[in-house]
Protein chains: 2
Amino acid sequence: MSTIKEVAKRAGVSVGTVSKVINNIAVKPKTKQAVELAIKELNYEPNIYARGLKVNRTHTVALIIPTVWNPFYGELAFHIERYLREKQYKMILCNSEGDYVTELAYFTMAKQNQVDGIITVTYSDIESYISNSIPLISIDRFFNDNIPYVSSDNFSGGALAAKHLDDVGCQSVCFIGHGSKKDNATRNRRKGFVDYCERHQKSYLIFDDQGHHETFQRNLELFLKKEVIETSTIDGIFAVTDDYAFQVIDYVTKNGKRIPEDVQIIGFDGIKSSATDEIKITTICQPIEEIAKMSVNGVIALINKREVSHEVLLPVQLFQGKTTKG
Amino acid sequence: MSTIKEVAKRAGVSVGTVSKVINNIAVKPKTKQAVELAIKELNYEPNIYARGLKVNRTHTVALIIPTVWNPFYGELAFHIERYLREKQYKMILCNSEGDYVTELAYFTMAKQNQVDGIITVTYSDIESYISNSIPLISIDRFFNDNIPYVSSDNFSGGALAAKHLDDVGCQSVCFIGHGSKKDNATRNRRKGFVDYCERHQKSYLIFDDQGHHETFQRNLELFLKKEVIETSTIDGIFAVTDDYAFQVIDYVTKNGKRIPEDVQIIGFDGIKSSATDEIKITTICQPIEEIAKMSVNGVIALINKREVSHEVLLPVQLFQGKTTKG
DNA sequence: TTGTATGCGTTATCAC
DNA sequence: GTGATAACGCATACAA
């Protein structure tokens, strides 16, 4: 590994001049040529640490998500990395797996100047650990007025889902969620759904179980059995995410119900398992790429001490699939 | 941000002593206490650049994959990140999107000491750009004897797929692949498949179109139409990845064929779109987590100048789903 | 326009 | 066991 000194010696100039060439500061064309030649000959690469020690920038952003092994976060991570790369930033990926100790480790990293900023989707209460000196963008979750966040318009999305079920003729609808005490995305979807139903005097049910995986699963099936399979009380279902929609579809079709003839289902997210995949159900699509873009723009703005709007709410869109009578 | 100097002053010791405490080098218990107190009081975090400048280690590994937005690579990335984190390494993620310029940028990064090592799944010819001074592990692809690689036993997997189709009673089978000139994973699956068929005198067909997305798609459908829909020449299909298996399933069911009654299908990979998802078809499962583990172990061994076996071949397993008569 | 010198925060090598 | 100090490679202010 050659250093700037060696380059300087070979080019017959001083280290200062070499540094100037590297950083694109005006230099006589001839010297510039000589330096560039020497750089090439020596296969020189600036040492990132030495530079970082001076300028305190890594051009690296950390993305903290529950897990990248999931169509939604996978797509999000994909787009965020792409936008960051476009802006010459690298992305460190952290799968927090919902563990807030892991998340904290990354905030510490940020303090060590290992990363210039953080983009995070978190459901834990990290508020007290966030020094506001760290450029941080939150996705889908409101913390406080100091932390900018970008999110889909979940409230409108929930309302839109309710409206769609209404439009396609459902008489009695229900919301299916996995419970959350935080004021986060899914909460707002529920709120929007309820809001529409009350405004339009639709009768609705809420299933929002907070149990862990197995408990939730069991309770959900009991609920569906009672309200859909045995009594047909419900003919329209809004699942708070596509994942849950798939679960519901699985269960009710296995139990003899036809979709959309007997019961219509709409999800939320618009997930595709890869870029070439297709959306499989009627759903409310989140503008994932746009979320990625705004998050990246936001964190870079913060890094550069520019003003950032505290809240970015992105519009969602109905995708008409075959799980409702469109 | 406080520095080691400030800590030293507050603790009434020298910077050298503080450094010792930080790096767990023997120090009198009393001084250690004093230093630790000062560290806490000042909320001190070592600056990673300064340290890096000295020791030339980032504890960061780059993972280069085509795209994380895909169940297979998503799962792989998830596990790799987890194992790296376990070993106190951070992971920089790069979605190369098959673009080799992007890949090269990351090799340059490695040269700049930005990352200690690289784990890569690549289908481009990066050989000439790889200085063997960079700790590098290749997944699924053999380059040369200097670059260690870890991979599923794709050859055996291909043979196993053929054997399974044979076992469940298929008379005439076919391989469906997306062509590849490189000696990579899918190639070996094909070889294993062919090998079994020839050894056992099974009649087989090969569809291994190299066209781009749309061309491939069109040709595949023409092939299926001719061999499966119209003539029923083929009653057993081995798709080189689960993705293609899904495409095949989609097309043939839409055209009136029943699976597995009319035609049996086996895929390769064993993908699940998330940790809680289930495998949907009969397939040859790759030990993705094991691949991740071995890659991480490998790259860390290389970083520490330890010996690494040049080839790690991991066993695959048949998963019996509903797309073959198991 | 170019060269010189200083310092970034840490680790490591010496003395003590 | 501890303290002083050189060195890591670079950017930059300032001098020339």
Side-chain angles (χ1 to χ4, degrees), chain A residues 1-39 42-60 88 108-116 133, chain B residues 1-39 41-60 88 108-116 133 304:
Chain A
M1 211 64 262
S2 43
T3 74
I4 199 172
K5 259 186 209 159
E6 298 169 304
V7 174
K9 192 195 273 181
R10 181 164 199 119
V13 297
S14 77
V15 292
T17 307
V18 175
S19 179
K20 286 189 182 68
V21 171
I22 293 167
N23 295 289
N24 262 317
I25 296 173
V27 143
K28 221 195 285 181
K30 217 183 253 172
T31 34
K32 181 166 181 173
Q33 263 183 9
V35 170
E36 281 171 345
L37 180 66
I39 288 178
L42 292 175
N43 210 342
Y44 166 74
E45 299 284 352
N47 179 308
I48 216 74
Y49 295 123
R51 176 178 284 166
L53 187 54
K54 289 297 288 185
V55 302
N56 237 27
R57 285 285 171 84
T58 55
H59 267 247
T60 302
Q88 321 276 14
T108 304
M109 245 176 57
K111 284 191 210 145
Q112 292 177 319
N113 291 325
Q114 190 127 332
V115 297
D116 296 344
S133 63
Chain B
M1 211 63 259
S2 44
T3 73
I4 199 172
K5 259 185 209 159
E6 297 169 305
V7 173
K9 192 196 273 180
R10 181 165 198 119
V13 299
S14 76
V15 292
T17 307
V18 176
S19 179
K20 286 191 181 68
V21 172
I22 294 168
N23 295 290
N24 262 317
I25 296 173
V27 141
K28 220 195 286 181
K30 218 184 251 175
T31 35
K32 181 167 181 173
Q33 262 184 9
V35 171
E36 281 172 344
L37 179 66
I39 288 178
E41 287 176 338
L42 292 174
N43 211 340
Y44 166 75
E45 299 282 352
N47 180 308
I48 216 73
Y49 295 122
R51 176 177 285 166
L53 184 55
K54 287 299 287 187
V55 302
N56 237 27
R57 285 287 171 84
T58 55
H59 266 247
T60 303
Q88 321 276 14
T108 303
M109 246 175 57
K111 284 190 211 146
Q112 292 176 318
N113 290 326
Q114 190 127 333
V115 297
D116 296 345
S133 62
N304 296 319

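Here is the naming used below: chain letters follow the sequence lines, and residue numbers restart at 1 for every chain. Keep in mind that this is a model prediction, so the values were computed, not measured.
- For Thr31(A), the side-chain atoms get nearest to dT2(C) when compared with the rest of dC10(D), dC8(C), dT2(C).
- One atom, CG of Asn56(B), and another, C1' of dA7(D), lie 13 Å apart when rounded to the nearest Å.
- A straight line from NZ of Lys9(A) to P of dG9(D) spans 14 Å, rounded to a whole angstrom.
- Contact check for Asn23(A) versus Arg51(A): side-chain heavy atoms found under the 4.5 Å cut-off.
- Nearest nucleotide to the Leu53(B) side chain, out of dC8(C), dC8(D), dA11(D): dC8(D).
- If you check residues 11-28 of chain A against DNA chain D, the residues with a heavy atom closer than 4.0 Å are Gly16(A), Ser19(A), Asn23(A), listed by number.
- Atom CG of Asn47(A) is separated from atom P of dC8(C) by 18 Å (rounded to the nearest Å).
- The distance between atom CD1 of Ile4(A) and atom P of dC8(C), rounded to the nearest whole Å, is 19 Å.
- Residues Asp116(B) and His59(B) come closest through the heavy atom pair OD2-N, 2.6 Å.
- With rounding to the nearest 0.5 angstrom, the CD1 atom of Ile48(A) is 13.5 Å from the CZ atom of Arg57(A).
- Rounded to a whole Å, the NZ atom of Lys30(B) is 14 Å from the C1' atom of dG1(D).
- Of the possible polar contacts, one joining the Glu6(A) side chain to the Thr3(A) backbone as a donor-acceptor pair under 3.5 Å is found.
- Residue-to-nucleotide contacts include no donor-acceptor pair under 3.5 Å from the side chain of Lys54(B) to the base of dT10(C).
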Does the side-chain contact (heavy atoms from CB on, under 4.5 Å) test come out yes or no for Thr31(B) and Val21(B), once each step is laid out? CA-CA 9 Å; Thr31(B) 35; Val21(B) 172; over 6 Å; no
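- Residue Ile39(A) contributes atom CD1, which lies 10 Å from atom P of dC10(D) at whole-angstrom precision.
- With contacts defined as side-chain heavy-atom distances shorter than 4.5 Å, the pair Val27(A)/Val35(A) does not qualify.
- Taking atom CD on Glu6(B) and atom P on dG9(C), their separation rounds to 8 Å, with Å as the unit.
- At whole-Å resolution of the value, CZ in Arg51(B) and P in dA12(C) are 10 Å apart.
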Go through the steps to decide whether Val13(A) and Lys20(A) satisfy the test side-chain contact (heavy atoms from CB on, under 4.5 Å), and finish with yes or no. CA-CA 11 Å; Val13(A) 297; Lys20(A) 286 189 182 68; over 6 Å; no
